[in-house]
Amino acid sequence: MLEVTGLHKGFETADGRVTAVDDVTFTVAAGQAFTLLGPSGCGKTTALRCIAGLERPGAGVIALDGAELFNAGTGTSVPPDRRGIGMVFQSYAIWPHMNVFDNVGFPLRIGRRPRAEIRDRVGWALDMVQLGGFAERDSTQLSGGQQQRLAVARALVQEPRLLLLDEPLSNLDAKLREEMREELKRLQSALDLTMLYVTHDQSEAIVLSDRIAVMNKGRILQEGPPREVYARPRSPFVAGFVGSSNLLEGVVADRLGEGRFRIETECGPVSATSDEALGRDEGVLVSLRPELIHLTASPPAGGADATVWEVTVEGSTFFGDSTYYDVTCGGRSLRVRAGPQAGFDPGNRAFAAIATDDCVCVRTGGDDDG
Amino acid sequence: MGRSIVETGGGAGLRRPLLARARDIGVVDAGEWSLGIVAGVVALFILLLMAIVVWMSTLPGLPGDPGFTLENYADVFEDGVIFDALINSFLIGIGTVAVNIVFAVPLAWLVHRTDMRGKSLVVTLVAISILIPGFLKAMGWILMLSPDIGLLNSLYVEIAGAAEAPFTIYGIGGVVFIQGLMLTPAMFFLISGSMIALDPALEEAAQMSGANRWLTIARVSFPLIRPAVIAGLIYNFMTAVTLYEIAALLLDEDTAVLSTELFLYVRSAGGSIELGYAAVYGVIMMAFAIFALWFYGRAIRKAHRFAVVTGKGYRPGLVDLGRWRWAAVGFVAFYVALSELLPLAMLVWMSLLPALTQFSVSALGAISFATYGGLWGQLGGWEPLVNTIVMITATPALVVGFSLVMSYVTVRSRLPGRQLIDTAAMLPHVIPGIAFAFALIVFGIALSRFTGLQLSGTMAMIVAALVVYRIPYCTRVTNAALLQIHAEIEEAARMCGANTIQILLRIAVPLIKSSLAYAALWIALLVLREVTIPLMLASPSNIVLSVRIWTLWETGQYGAASALGVVMFTVSGAVLLIVQRVFRAQGLFETRSN
Ligand SMILES: Nc1ncnc2c1ncn2[C@@H]1O[C@H](COP(=O)(O)OP(=O)(O)O)[C@@H](O)[C@H]1O
Ligand SMILES: [Mg+2]
């Protein structure tokens, strides 16, 4: 189990101080896959490197399986080579002067393990990533995907208590990325790995993780199971970053019941949910997911649990597995995602229905918006 | 190598005490500290040698004697010779770089920016020019153009029936000519880098804006390589001003220059030894050097800023020489003839005849290898040979080892004070070799007086001076090589449980081993032809090949000196060509002569 508390890391650069990681706290339970998700430059790599011991945090405590690896208060700092953490680097960092076997065997050689054990464990690790039979291959002759597997095998061979992965799939092409994503998921559950994963790709995060933490500007904005973060974003940034979202400005017009509000927006009134205790006339942002807006030609049955707006179709883009419509409603344009079949033409009038549970509103002016 | 980024912990500022910061670094392990200590000791030794020169200049007597005085300065300036020396050295410096420009800029342009054929041969010829030490070039030219014995002179006198010799290689003009030829390769390789890195798209853009070829060169190409040319000029100027070997061979006693004056005060044949006066000359040279280093650093930084690596495998926009192709070949041939072919041919001719004889059919009949037969005796047997081998193996080994550690500390570690180590490693780049040799003489005397340890006159002294002198050359190679290794390649090893020493030995060294081997080879070759430092530190027990050639020449044994010179060049040329073949894949040599 990894516990990170109050982690802070700043850099002194030529043009002033940069805070890369700001008061980050989270816990990865044993055997769990946890992802730090956020845009480029938000401090994910820095956080990972602090946990690995490659950077020294300015403040905070890092503990693995109950033992402190780092504590700014007491000055404890276990050097990176003694932390027993495996790491897969974004660049893979395969050693070009060693063949596949020697790359994977390196941690065991450094640990002075007997030759027979090294052979067995390297064989096991290579089999795990489906590189069995590649042992004698020159490491520079591997394809991108194979290098990636090699990097994973090298991190696994020492049976680390924690596996760190820094955007391991970002250098692969789209198809390979999906394949490797599945494979990492399989490895993680088969080996019951405690895994901390870093990515800017929300679909990787959602598929791979038991829990995700969305980061921006060095801070964690929201943490939880992927489904919850997707369905209940607590800030406009999270709503926009995890999945995509139409964000409408509005004010609270009325409280409809437990966690339900009527919001007055540019497109008209809408029923929305919120976990926050919102007061009347408070400014909010309403998040409408394109895939959760249902477009119909004739008015659907409305009711207490949904909002229906009359819209005009302005244009459409066909994506193969779906169609995106640009519609306007009260002068404001919205994106709607529908099935692949042809539906509406530009100029058509249509009805957009949004279930109240799918429509989330958050307070504006929080300190955490992106 | 500037990382502009300094890491600090949380709210901590930069002004905290060094030790507190060091503790804060956290990722520094014992191995890293020990590398830091080795690098620090070498850096301190370099600074110590420089301090010794300054210290000596304020001593009334020998090192170890008490007292502080400015008399040495007063005496040197009262004497007045120093002013002549300054003016002459300055003239030599200006003249030398003028010759450099005339040869190096067109050569580099032809090789890198035109469609001239045989480019790799030209590069090899320029590199080979480095292997013929300046003193051998000068000796070859003396045999051609000495008013007394020069073969070209007597040929002219014979043919034209003139009363006296029309040319002379002696004098400041001769020094400028030989040093100009000798330092051209340094300039060539320095501007080659910026010509290769020059983005052709910039030139093409100028042409698309309506500039013709000459306007493009004047307005775009030349301004972009100008910083590199200026850096080369400053560097060669500093070298030319302080070079000893050519001035010693070509100037008479009345023409003083800084280096010969310093040498005479230390090793005067008849007069008294005046270490204090010599130190004053050393201080003056070092002051100039540090002043120049500042300009040099600025020019180099600008040159790097202009360099764009396009990553394209091909070079578009090469100038079509057309009818001028033969002029280009002629120009290259002219340089090669002056700098290599003619002096070398003269040495060979001299070594094959019992005495200097005019070219003629009858002279051909007198050709014999008798001089080569007696060479073993002239060399002085095993001892100089063993000394030379010790010098050319120990020096590269130590230089590469120290440079690797110093570069690793500056490029990779987060130790406090690493910037200082980088600076110290750069200093010998501009400090003249003769000043280091002098500092070691003083160091040797002080050491024996304070501790009783006798190092003066040993090979250790020569090796120590050469190591310090060559460190900047090698740290540039190791800095660049280590910077090419992605940081994550090493961090990956750390995450696999490797400590700093293991990472250095198992990851970094294997990855850059060809650069290291290459640097070691070049250092061995450059050290072999070095004469000033071993000559200044010479004693009967540490004679090396170059010093033997020098003393043979000084005592008028031109034939034996020439023969040994030919052997030395042949051996180093052969080694270079063989290794170059092995390292073909490495591309251009980056090197520098001085
Ligand atoms: N060594 C460093 N020195 C200075 N600034 C750094 C350094 N490493 C990262 N940063 C800065 O810290 C911030 C976070 O970087 P990083 O952790 O690499 O982000 P991410 O991995 O999320 O893209 C960025 O603004 C980056 O410029
Ligand atoms: Mg990153």
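Chain A is the first sequence line, chain B the second, and so forth, proteins listed ahead of strands; every chain is numbered from 1. Since this is a predicted model, take the numbers as computed values, not measurements.
Your options are A:G84, A:A72, A:S91, and the one with the most heavy-atom pairs under 4.5 Å with chain B is A:S91. Considering only heavy-atom pairs separated by less than 4.5 Å from chain B, the leading option among A:G86, A:A52, A:G75, A:A93 is A:A93. Taking chain B as the reference chain and counting heavy-atom pairs below 4.5 Å, the highest number among A:V78, A:I110, A:L164 is found for A:I110.
Across A:D81 and B:A498, no two heavy atoms sit closer than the pair CB-O, 3.5 Å. Residue B:C496 comes nearest to A:F106 through the heavy atom pair CB-CD2, 3.9 Å, listed as atom of the first residue, atom of the second, then distance. Taking both residues in full, the closest heavy atoms of B:I489 and A:W95 are given as O-NE1, 2.7 Å, listed atom of the first, atom of the second, then distance.
If you measure heavy-atom distances from B:A487 to chain A, you find no contacts under 4.5 Å at all. Contacts between A:L108 and chain B at a heavy-atom distance below 4.5 Å are absent for every atom of the residue. Contact of B:E491 with chain A is made through backbone and side chain together, with heavy-atom distances under 4.5 Å. With a threshold of 4.5 angstrom between heavy atoms, A:R49 approaches chain B through side-chain atoms but not through N, CA, C or O.
Side-chain atoms of A:H97 come within 3.5 Å of backbone N or O of B:R506 as a donor-acceptor pair. A donor-acceptor contact shorter than 3.5 Å is absent between the side chain of B:E488 and the backbone of A:F89.
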Walk me through whether A:M98 and B:I507 qualify under side-chain contact (heavy atoms from CB on, under 4.5 Å). CA-CA 9 Å; A:M98 300 182 192; B:I507 307 290; 3.8 Å; yes

